[in-house]
Amino acid sequence: MTMSTIQVLHSLRCPIACFAAPIASSSSNTRTLLNSPSLRFGFWGSVGRNSWRSRGAFGLASARFRTLAMVSYGGERTVGHFTVNDSADAMDDSQVADTPPKLPERDFSGTPYVPVYVMLPLGIINMNCELVNPEDIVNQLRILKSVNVDGVMVDCWWGIVEANAPQVYNWSGYRRLFQIVRDLNLKLQVVMSFHECGGNIGDDVHIPLPGWVTEIGQSNPDIYFTDREGRRNSECLSWGIDKERVLKGRTAVEVYFDYMRSFRVEFDEFFEEGIISEIEIGLGPCGELRYPSYPAKHGWRYPGIGEFQCYDRYLMKSLRKAAEVRGHSNWAKGPDNAGSYNSPPHDSGFFRDGGEYDSYYGRFFLNWYSQTLVDHGDRVLALANLAFEGNCIAAKLSGIHWWYKTASHAAELTAGFYNPANRDGYAPVAAMLRKHETALNFTCVELRTLDQHEDHPEALADPEGLVWQVLNSAWDVNIPVASENALPCHDRDGYNKILENAKPLNDPDGRHLSAFTYLRLSPVLMETHNFMEFERFVKRMHGEAVSDA
């Protein structure tokens, strides 16, 4: 099969400036590749079907999933009592296919070119740092290339690369993957993934933190985030040890820096050639800058408010110091009336309307809790800029849209975003990102508030309001904004919502997303009807005219 070639117009590394000339796609070539046995049955059976990335936003994937509350955690999304990968296996094209929208579509021809990336499967690199089924991934990447996808995103897992001993790194599988991507003239977004992947029931992609780190955790469990009841979360390291030398003589931020510096040296040629367009820096659970406030392993279910995660001894030491500086040593504690993981805000004295969240103590605590989040991002991104000097870096925020229509915004508060109705909690985060010239990557751009209201009216969710607030907080400080979908998306309504957010209508400043990353390469995406719809979406993101003939 002869593939079309691509003419690279710009080799700048930041996604807002990395554009490729459109190439002619071949429908017959695409259909041939989509129907190849190796694509359908080779690679996917090896890594399992839990291939949607854990990202912190919840809602409904499309009208087809409207009665199901989806939960994001690890490498798996749980839907009621079964998993999305189970439901994907059970659906045929007719179930996934969406009917044409009733209202006329906006014409995006001639609009700005927004690059489109596709996340690769979570298990594409195994625990021995080997590329799984390289022949099949070549076929899949060729298909993506045939419809002018700009590049792919891949997680570089700390638990794989530095698995066995401090500062002993194994990048071999990633090098082979990157060579394939380069040979196909695609770009790379690479995630420095300092968190655990998976761990849910039925999740066959499980990547823990490095073994030498978990050994330290056995004797010192305070390296992990801890809730009020003392339950530890090994998803990622507590920010309380950012500056504590508890990791065999190194602080947590020193460990992150050494890892990033090793990556930069190992893949120097891919930076120099412009193949790596962006590095996303993992800053917390699921790679996002947030506290692990809603862990499924501790029984959380949507739309619970979650719990504060500040009870390890290092963060409590920080809280005591802040209370003493303020002159109120009795404030050196977390709220005792904030409910539990699955509480609604109106059932807690802290989060209810007129509750203690807006008291003198409540404001002190929430200021400290949210500032600790910002300070963690500030420390890690400062070192990321040293490691990747001159290259575009990004940070990911989660789309916590449930309880957004309440006064307290309880779910955001427990996650570390101090964003009640009378305060912009994302402006300090955006200012910190601006300080380090870091792009913002945000999620849930495909979700509709009306869908949320129809299916979970009790959640008082507003993903559209949240997206608008966060995107404008970033644009107000002139940093690039990229995004991705929170849940699997194959229908035209979802794609149209992404396009509306990517290129706001009649924006007086002509603002638009710097890039969009699709979650993720999967068997369902590769079904003929779904892939044709995806190809149409890519064309519209690129500003091309489309025809439904």
Side-chain angles (χ1 to χ4, degrees), residues 3-10 15-34 39 61-62 96-98 100-101 105-120 139-154 181 184-189 277-278 441 443 445-446 482-485 487-503 512-549:
M3 299 299 297
S4 301
T5 58
I6 188 167
Q7 300 295 322
V8 179
L9 296 182
H10 300 285
I16 199 168
C18 288
F19 302 122
I23 62 175
S25 64
S26 167
S27 298
S28 60
N29 285 348
T30 300
R31 282 195 294 271
T32 300
L33 285 166
L34 285 172
L39 173 68
S62 72
V96 177
D98 201 18
E105 289 186 302
R106 179 178 156 197
D107 181 9
F108 286 92
S109 60
T111 56
Y113 185 108
V114 175
V116 177
Y117 291 75
V118 175
M119 293 183 198
L120 296 180
N139 287 336
Q140 295 149 20
L141 293 182
R142 281 176 176 165
I143 294 172
L144 296 179
K145 179 69 173 179
S146 75
V147 298
N148 294 347
V149 164
D150 297 86
V152 293
M153 173 182 276
V154 64
V181 173
L184 291 173
N185 202 19
L186 290 166
K187 299 286 186 180
L188 270 168
Q189 293 175 326
S277 60
E278 180 183 85
N441 187 14
T443 186
V445 290
E446 85 285 13
S483 73
E484 61 193 44
N485 50 306
L487 299 169
C489 178
H490 306 288
D491 64 279
R492 190 167 297 185
D493 285 347
Y495 286 136
N496 285 341
K497 186 61 186 176
I498 294 169
L499 283 156
E500 291 171 14
N501 285 317
K503 306 176 185 186
H512 55 85
L513 294 182
S514 60
F516 175 79
T517 304
Y518 178 84
L519 178 151
R520 83 176 53 242
L521 182 59
S522 73
V524 178
L525 173 64
M526 290 302 182
E527 293 295 334
T528 303
H529 173 86
N530 294 333
F531 198 76
M532 291 174 65
E533 196 67 46
F534 176 72
E535 179 181 9
R536 184 180 187 272
F537 165 71
V538 172
K539 287 179 179 291
R540 300 177 80 203
M541 289 291 278
H542 287 173
E544 300 175 30
V546 297
S547 172
D548 290 324

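- Going from atom CD of Glu500 over to atom CD of Glu105 covers 10.0 Å, rounded to the nearest 0.5 Å.
- The ring-ring contact (aromatic ring centres under 6.0 Å, His included) check on Tyr495 picks up Phe537, with sequence neighbours excluded.
- A donor-acceptor contact shorter than 3.5 Å links the side chain of Arg540 to the backbone of Arg106.
- By the salt bridge (charged side-chain N to carboxylate O under 4.0 Å, His left out) test, Lys503 is found to be paired with no residue, residues two or more places apart in sequence or in another chain being considered.
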Practice task
Before giving the answer on side-chain contact (heavy atoms from CB on, under 4.5 Å), spell out for Lys497 and Val445 the whole-Å C-alpha distance, their side-chain angles and the decisive distance to 0.1 Å.
Solution key: CA-CA 7 Å; Lys497 186 61 186 176; Val445 290; over 6 Å; no
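- Checked against His542 for a side-chain hydrogen bond (donor to acceptor under 3.5 Å, both in side chains), the options Asp150, Thr111, Asn148 give a single hit: Asp150.
- At least one donor-acceptor pair under 3.5 Å links the side chain of Lys145 to the backbone N or O of Asn185.
- Distance check, rounded to the nearest 0.5 Å: CZ of Phe108 to CD of Glu544 gives 14.0 Å.
- For the side-chain contact (heavy atoms from CB on, under 4.5 Å) test, residues two or more places apart in sequence or in another chain that qualify with Thr517 are Tyr117, Met119, Met153, Gln189, Glu484.
- Val152 has its side chain within reach of Leu188: a pair of non-hydrogen atoms, C-beta onward, lies under 4.5 Å apart.
- Counting heavy atoms from C-beta on, the side chains of Leu120 and Gln140 never come closer than 4.5 Å.
- Residues Cys489 and Ile498 approach most closely at SG-CD1, 4.4 Å, considering heavy atoms.
- Counting only heavy atoms from C-beta outward, the side chains of Leu144 and Met526 approach each other to under 4.5 Å.
- Of the inter-residue distances, the one linking Asn501 atom CG with Ser483 atom OG reads 7.0 Å to the nearest 0.5 angstrom.
- Annotation: side chain of Val149 is in contact with side chain of Phe534 (closest heavy-atom distance under 4.5 Å).
- For the pair Asn485 (side chain) and Glu446 (backbone), a donor-acceptor distance under 3.5 Å is absent.
- Taking Tyr518 as the reference, His490 meet the side-chain hydrogen bond (donor to acceptor under 3.5 Å, both in side chains) condition, with sequence neighbours excluded.
- Looking at heavy atoms from C-beta onward, Lys539 lies in side-chain contact with Glu535 at the 4.5 angstrom threshold.
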